[in-house]
Protein chains: 4
Amino acid sequence: MVYRKTPATEARKDARRKKLLESAVRMFGRHGYHAATVPMIVAEAGSSVGSFYLHFRNKEEIFAAVLEDLGEKISVLFDEIEAEEPNRLLCVERGLESLFLFLAQTPELARILLVESSGLSTRLEKVRRSILQYHVEQIRMNILEMPEVFAVADPRIAAQCLVGAVYEALCCWLEEIPEQRLPVLEVARAVSDYNMRALRAQ
Amino acid sequence: MVYRKTPATEARKDARRKKLLESAVRMFGRHGYHAATVPMIVAEAGSSVGSFYLHFRNKEEIFAAVLEDLGEKISVLFDEIEAEEPNRLLCVERGLESLFLFLAQTPELARILLVESSGLSTRLEKVRRSILQYHVEQIRMNILEMPEVFAVADPRIAAQCLVGAVYEALCCWLEEIPEQRLPVLEVARAVSDYNMRALRAQ
Amino acid sequence: MVYRKTPATEARKDARRKKLLESAVRMFGRHGYHAATVPMIVAEAGSSVGSFYLHFRNKEEIFAAVLEDLGEKISVLFDEIEAEEPNRLLCVERGLESLFLFLAQTPELARILLVESSGLSTRLEKVRRSILQYHVEQIRMNILEMPEVFAVADPRIAAQCLVGAVYEALCCWLEEIPEQRLPVLEVARAVSDYNMRALRAQ
Amino acid sequence: MVYRKTPATEARKDARRKKLLESAVRMFGRHGYHAATVPMIVAEAGSSVGSFYLHFRNKEEIFAAVLEDLGEKISVLFDEIEAEEPNRLLCVERGLESLFLFLAQTPELARILLVESSGLSTRLEKVRRSILQYHVEQIRMNILEMPEVFAVADPRIAAQCLVGAVYEALCCWLEEIPEQRLPVLEVARAVSDYNMRALRAQ
DNA sequence: TATGAATGAGCGTTCATTCAT
DNA sequence: AATGAATGAACGCTCATTCAT
């Protein structure tokens, strides 16, 4: 008799995987890659070590999955703006601001991307880099499309600068104790301002 | 007969310590904090585990020492420029460029600062941050001193953006395979250009 | 499908723990606390280091467990006698003798209690002391209950003397080479005789 | 030219050795055999590790020396009493009391003998045992000399009991917090009382 | 599929002892 | 004789991963 995977089983499996991923985000975000152990992650998810390895080949894999999910979320963010906003300059500006706001709202994810995903294996480094490169590329394309509104010598380096500026400002903001922080929006504007001045033809 | 601590003994101890530090730079730079083990570091230095713990309380300590040494070097770089160059705007520009060149020349140190020192213990995070903050502060002061030549709303955020831009561009440059890289100087100029446009009053 | 913790699994875990404890008794008894290493204990038990730390937080913990088990065994010994023998004087006498016989039969346990558990951490010292104090207290209560048959000035000190006398005599006996030892029973009697003369009202 | 050891050199060497021994007593008494390290001992003595190994073959050796010195002191105590007091019974009584007082006055030495010297190497165990055996033997001789005043079946076991009783009572007394302790003399008397009742013919 | 007990390689660290000065 | 920097064997312990149930 042939065993057929029932939809219910499939759905349950996906739910479990999702739970593990959520738990991993929390644990990696709070404790970092090395300090977050597999037992910790499964305990938080109400699952078991054995189950963990049914869903992910290893610890690296789940971290990569977390990172990829995040990358996906961010690119969706950009795509939406791209679709709505025909003005390339405004597009970059709005993209920058909404990325800033998005990461500020999910500090565990922000920490994973900005801090904890650095200095790990080559594999993970690549995933992290591909997220950043995606933005860089996105911005570079915008610049190339309308050279008359952007006034930069090297669009790729300009894009890298912009990305670096956004992430560093975000890092600094996240590090401050919440009571002393400026409002996110204000910071996002200041960052966007800085970069727009650098990009815009005068 | 009274034993007198000979200068030679003292000098040899210092030399050993220095050798361990150099070896640590190489190992941390190549393999990262976690993958670089104490046995690896001492083997590379031609020393022994016991000797290691004679010079450093633990592994964290030597990483901190490496980072602090680097911080020292960088601040010397800035101080020299500050002393020579009276023009604040040029000061920031030249500082940015020489930092870029310095780190590009010592890629292991660059990797330690930019990649490997992230996501470690609170203690090490602090050391890393203090180096970055030092630049931020340096630049912020320059901006504050001559508000008429700089045209930014929030000097602190502007300084953060600049630092982030420089480091991210550097990261990207270091990651490319040497054969395909643009000349450092060219990149440094492009980065400096981007940030000067953002800072300068038009 | 829901996994149910089988009784078999549980039982196997308990068996493993018990085996580790038995092995620890042998190793601690033969080599002492410091010379008995975790690898030695697990090898003897046919287990693994990882498993060891699944059952015990650390080396100190397993030593404490061994000691506590021993304390439990000894107090059972006393309780049985107390329940059977209404005469307080005979109670003390029989308690003394059966403790002597019990420890003489399990020289590894005896060595752990009498020799190896001394001079360790405060934590372990406390466990050891609590076993000895339990006897002291037991005897003191017997003395207090029937002051007319016991003729001692300070019941607490008398009880301490008795316990010390028993353990020292036992130590000496265990140290002699088996061929030259007097029969245990004879020694036990002599020790009991000494202490009964000290306790009894004339 | 022949080098002749000057008396002054000899004297200085002895002084250094004595200082090391005194420091060892403090360190072993406070921290125990394993926790007291050679660097600790030499630091306390104002000497150096190298110097240490000129005076003692190794750590075990200095512990043995400390123990032997203590044994010497105790046997002197007994010999004096033996010489002064012709009555064998009083001799045992006074010996017991002065040992008690002596050790109560030098708690570091007491701790070394009663607690820390247990469970070490065979070599050290032997030294410790020889001190205790010396007392046992001393007392046994007294008993044998005047069988009419002592009424014990087996003098050796009686002597062991006495020694064990004294040391255990002492241990208990040392362990109590100073403010709550009974006066030493009182305890010494109670212990002596206990043992005299056991020894004396009625 | 789900479980969690079991594994063991490999880590950081300590400290008695040696030895060049 | 005196020094203290140097050594390295050996320890306790962690945790990603496997596997019997």
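First the proteins, then the strands, lettered A, B, ... as listed; each starts at 1.
- Rounded to whole Å, atom P of F/dC11 lies 14 Å from atom CZ of C/F52.
- Counting heavy atoms from C-beta on, the side chains of D/E125 and C/V115 come closer than 4.5 Å.
- In this structure, the CG atom of D/L20 is 10 Å from the P atom of F/dT3, given to the nearest Å.
- A/T37 comes within 4.0 angstrom of sugar-phosphate atoms only, judged by non-hydrogen atoms across all strands, and of no base.
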| How does DNA chain F read in dot-bracket, base by base from 5' to 3', with Watson-Crick or G-U pairs under 3.5 Å and | used when the partner is on another strand? | .||||||||||||||||||||

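- Between A/A64 and A/R123, the closest heavy-atom pair is CB-NH2, 3.2 Å.
- Per the geometry, NZ belonging to A/K59 stands 8 Å off P belonging to F/dC15, to the nearest Å.
- As a whole-Å value, the separation of D/E61 CD from E/dA16 P is 15 Å.
- Without hydrogens or angle criteria, B/K59 side chain to B/A36 main chain gives a donor-acceptor distance under 3.5 Å.
- Side-chain contact between C/S23 and C/M27 is present, with heavy atoms from C-beta onward closer than 4.5 Å.
- Remark: C1' of E/dG12 and CE of B/M40 are 14 Å apart, rounded to the nearest angstrom.
- At the heavy-atom level, A/R16 lies under 4.0 Å from the strands shown only through sugar-phosphate atoms.
- The side chain of C/Y53 contributes no N or O atom lying less than 4.0 Å from OP1 or OP2 of F/dT14.
- Remark: the B/E60 side chain and the B/S121 side chain contain an N/O donor-acceptor pair separated by less than 3.5 Å.
- Between the side chain of B/S117 and the backbone N or O of B/R128, no donor-acceptor pair lies under 3.5 Å.
- Distance D/E60 CD to E/dT17 P: 9 Å, rounded to the nearest Å.
- Ranking E/dT7, F/dA16, F/dA6 by closeness to the C/S51 side chain, first place goes to E/dT7.
- Going from atom CG of C/L54 over to atom P of F/dG12 covers 18 Å, rounded to whole Å.
- If you take CZ of C/R17 and C1' of E/dA6, they are 16 Å apart, rounded to a whole angstrom.
- Nucleic acid contact for A/V49: base, since at least one base atom lies under 4.0 Å from a heavy atom of the residue.
- Side-chain N/O atoms of C/S47 include one lying less than 4.0 angstrom from OP1 or OP2 on E/dT7.
- Between C/Y33 and C/F28, the ring planes are parallel. Angles under 30° get that label, and only those over 60° would be called perpendicular.
- Along DNA chain E, the nucleotide nearest B/H34 and the nucleotide nearest C/K13 are compared for position; the residue whose nucleotide lies closer to the 5' end is C/K13.
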